[in-house]
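Only one structure is covered here, and it is reproduced in the block below.
When a ligand or atom number is given, it counts from 1 through the structure's own listing order.
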Amino acid sequence: MLNTIIGYPRIGGKRELKFALEKYFKHEIPAEELKSVAAQIRKQHYGYFAEQNIDLVPCGDFSFYDNLLDTALQFGIIPERYVKSGLNDLDTYFAMARGVQTDSVDLKALPMKKWFNTNYHYIEPEFDGKNVVKFNPVFLSGLIDEANELKLNYKVAQTGPFTLLKLVKYVAGTSVNDLRDALVSEYVEFLDFCRSKNASFVSFAEPSLVKDLTAEDKQLFVEIYRKLLSVKGNLKIGLDTYFGDIRDIYNEVTSLGFDAISLDFREGRKTFDLIRANGFPKDTVLVAGLINGKNIWRSNYDTVIKALDELKSLGINCALGCSCSLLHVPESTEFETKLSAKILSYLSFARQKLAELNEIKAIVNGDSGADKFLADNRALFSVKRVEDDAALDAKIASLTEADFTRLPERTERLRIQHDVLGLPLFPTTTIGSFPQTAQIRALRRDFKNGAITRQAYEDGIAALTVDCLRLQEELGLDVLVHGEFERNDMVEYFGEKLDGYIFTQNGWVQSYGSRCVKPPVIWGNVTRKEAMTVKMSAFANSKSDKDVKGMLTGPVTIFNWSFPREDLPVKTSIQQLALALRDEVLDLEKAGIRIIQIDEAALKEKLPLRRSDWESEYLDFAIPAFRLVHSGVKPETQIHTHMCYSEFNEIIPWIDAMDADVITFEASRSDFAVLDALKANNFKTEVGPGVYDIHSPRVPSVDEIVNALKLIVSREDYHKVWVNPDCGLKTRGNEETKKSLQNLVEAAKILRSQYN
Ligand code: MET
Ligand SMILES: [Zn+2]
């Protein structure tokens with residue numbers, strides 16, 4: 001049996017690529033230096049692959065920014081405005097990725113979208129009909145030369161035409177039909193090119209196959225690949241699918257004559273059933289994606305081997321692989337110096353997964369010495385990693401419908417709250433964080449380095465908080481926030497205070513371009529050891545006559561932005577988080593906080609890729625978990641939530657079913673399109689559609705905000721409308737924030753005078 005991988009993280013174990021990119025963007029290093037850092041990283045990775053006897057290694061999965069953008073550039077899907085800029089290939093590429101502003105060129109970036117159900121973002125290519133669709137191996141040529149020089153046994157890994165056609169944004173009246181034929185011809189050119197370079201294997205990534213497919217989608221896929229496979233000549237052609245199973249198109253895919261097909265056995269819940277029911281072609285290699293490419297735990301070898309045995313018993317020619325590219329896990333545990341040996345023995349980042357592929361292959365092939373690998377792995381899994389928490393289990397088991405139901409119903413509650421809180425029409429507020437200036441970052445750094453005492457640090461934060469409250473009072477905002485100066489990150493902050501979490505030092509995962517995130521790890525049962533935010537919120541509330549919102553991150557968002565356990569159902573992990581947050585909410589209420597905001601910024605992120613799974617696999621527990629957090633409060637306590645970074649139109653009824661009293665959300669960049677959906681669904685929650693975009697330093701004028709509000713009240717009962725920015729202000733500067741909020745308050749006053 002052989003092994004292979006779909007892709008490897010490219011940011012570098014010490015984030016070398018990130019730092020080189022950022023220097024290049026700031027014109028601190030020339031392109032040559034950026035390219036040489038990238039080549040260095042790849043060479044190191046090829047070395048790792050060789051050490052672990054990876055039989056077929058990917059070449060072409062490397063990217064300076066994003067693979068889909070590489071593919072778009074390579075096939076000439078470049079909007080005319082970028083072509084006209086006169087920039088060289090590399091800078092045209094970066095202009096599409098992140099915009100460019102010089103004396104002669106001023107171009108915005110293409111939109112960034114979430115890559116399937118991950119926290120990785122791709123650049124959305126744009127087709128306007130004027131592009132010259134033409135294959136040009138901008139980056140690929142050098143990558144293949146490099147692999148040839150190193151005498152690697154490689155596959156040219158590329159995003160396939162079907163997924164590209166599905167993800168392109170068609171503008172100027174164009175559609176997929178205007179692009180498909182030209183694109184397929186150029187993919188034929190691409191195959192010729194690979195052959196001319198003496199490549200012997202090409203693998204196409206087609207993750208779009210795991211989504212719901214229409215009859216036209218299926219036809220499109222089949223036609224494209226009939227064509228490409230008919231011209232393959234002496235090349236071998238593989239197909240990589242991941243992030244789910246391919247139930248809608250399994251039979252078509254397996255009858256086309258691919259040389260290899262990767263299937264996802266981790267997120268693909270139906271993969272095994274599909275194979276059992278329909279068989280698998282004898283002359284195609286099944287790359288069994290049995291090692292989880294998305295999570296950081298060691299694999300249980302017995303489980304993997306059992307699956308391989310069954311596949312072999314079905315007469316299938318198997319290779320071992322990962323469920324998806326390793327792009328979604330950090331590079332290596334070797335950079336973790338603070339975690340205990342016990343913890344480390346359970347963790348497997350990308351480099352450790354290579355070793356797993358090697359060891360399992362050796363065991364299956366009966367190589368000498370491989371018994372030890374199996375024995376060690378069995379020893380690891382023979383003891384329970386985390387002891388059960390009987391009290392917590394009992395608490396979850398005893399939950400009843402009443403625990404998920406807030407009473408009285410919302411209309412009645414809102415009436416009570418209006419009396420108690422005494423807020424004006426069009427109440428103004430912000431989303432929580434205020435600018436995290438250099439001063440605050442220095443304070444945090446000094447405390448971390450031990451340069452200042454805890455007392456000095458806390459005094460510093462308290463002083464900033466009081467200043468922030470004074471500023472909001474001066475501006476005339478109605479509902480205040482404490483500013484979140486004590487938090488560096490909205491998930492890590494809670495992770496650190498909860499029992500059950502661990503943190504890595506260098507577990508960075510690429511989020512987009514040069515940006516990485518370091519998700520905390522849910523190691524054990526999550527419980528609240530002590531109050532997490534009460535002291536700060538009570539302090540802030542005592543310093544103002546106005547209400548200051550309590551500020552929490554919701555259970556679903558904390559979960560979605562962490563590496564989850566594999567030995568516990570998702571639902572249970574989220575319930576544990578919800579119970580911990582429920583106690584926090586009740587303590588905030590006891591401390592006199594009358595308005596509590598529970599952010600669910602990432603609720604939409606893990607919505608299943610197939611519509612039919614939404615209710616049975618996610619929303620059925622995610623929405624009740626939010627209700628569990630707040631159902632215990634008094635009618636007069638007002639619960640807010642906040643969402644951003646996604647389009648919610650499709651899940652409006654479920655958002656209403658979270659049963660919050662008020663929701664603020666990002667809407668200004670999508671021209672408030674969501675308002676129609678709210679109306680159509682008879683949305684009951686009070687709403688604060690963000691009236692300006694906080695992702696830009698621009699100060700919105702009073703007129704602009706008044707116009708936004710007019711648009712909002714044309715669709716929404718004005719009694720229900722809140723006025724706020726579209727997300728937290730932490731990335732902004734003090735000056736622009738002050739001016740923007742001044743205008744926001746002014747605009748609210750204008751509306752108030754018209755509607756009172
Ligand atoms: C990504 S949503 C951010 C919400 C958080 N309360 C903040 O204001 O920063
Ligand atoms: Zn937000």
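- Counting atoms of ligand 1 from 1 in the listed order, those under 4.0 Å from a heavy atom of Gly728 are 7 (C), 8 (O), 9 (O).
- At the top of the distance list for atom 3 (C) of ligand 1, counting protein heavy atoms only, stands Met490 SD, 3.6 Å.
- The shortest heavy-atom distance from Glu484 to ligand 1 is under 4.0 Å.
- In summary, the atoms of ligand 1 found under 4.0 Å from a heavy atom of Gly432, numbered by their order in the structure, are 8 (O).
- Note: an N/O pair closer than 3.5 Å links Ile431 and ligand 1 by distance alone.
- Annotation: atom 1 (C) of ligand 1 to nearest protein heavy atom, Cys644 SG, 3.5 Å.
- When the Zn ion (ligand 2) is compared with the N/O/S atoms of His642, atom NE2 turns out nearest.
- Lys535 and Asp587 are not joined by a salt bridge, as no carboxylate oxygen comes within less than 4.0 angstrom of a charged side-chain nitrogen.
- Ring geometry, Phe426 versus Tyr718: the interplanar angle falls under 30°, so the pair is classed parallel (tilted spans 30 to 60°).
- On a distance-only criterion, Trp561 and ligand 1 share no N/O pair closer than 3.5 Å.
- A cation-pi arrangement is not found for Arg98 relative to Tyr65, the charged atom failing to lie both closer than 6.0 Å to the ring centre and inside a 45° cone about the ring normal.
- Among the candidates Ile598, Leu586, Val526, Ile558, the single residue satisfying the side-chain contact (heavy atoms from CB on, under 4.5 Å) test with Leu581 is Ile558.
- Donor-acceptor pairing under 3.5 Å is lacking for the side chains of Thr118 and Lys294.
- Here the protein heavy atom with the shortest distance to atom 4 (C) of ligand 1 is Asp599 OD2, 3.4 Å.
- With the Zn ion (ligand 2) as the vertex, SG of Cys644 and SG of Cys727 span 120° to the nearest 10°.
- Among Leu423, Asp478, Val662, Val479, the one residue that satisfies the side-chain contact (heavy atoms from CB on, under 4.5 Å) test with Thr429 is Val479.
- Looking at Ser433 next to ligand 1, an N or O pair under 3.5 Å apart turns up.
- Using cut-offs of 30° and 60° for the angle between ring planes, the Phe621 and Tyr618 rings count as perpendicular.
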Subject >> Criterion ring-ring contact (aromatic ring centres under 6.0 Å, His included) on Tyr512 and Tyr120, from CA distance to verdict >> reply: CA-CA 6 Å; Tyr512 64 92; Tyr120 173 82; 9.1 Å; no

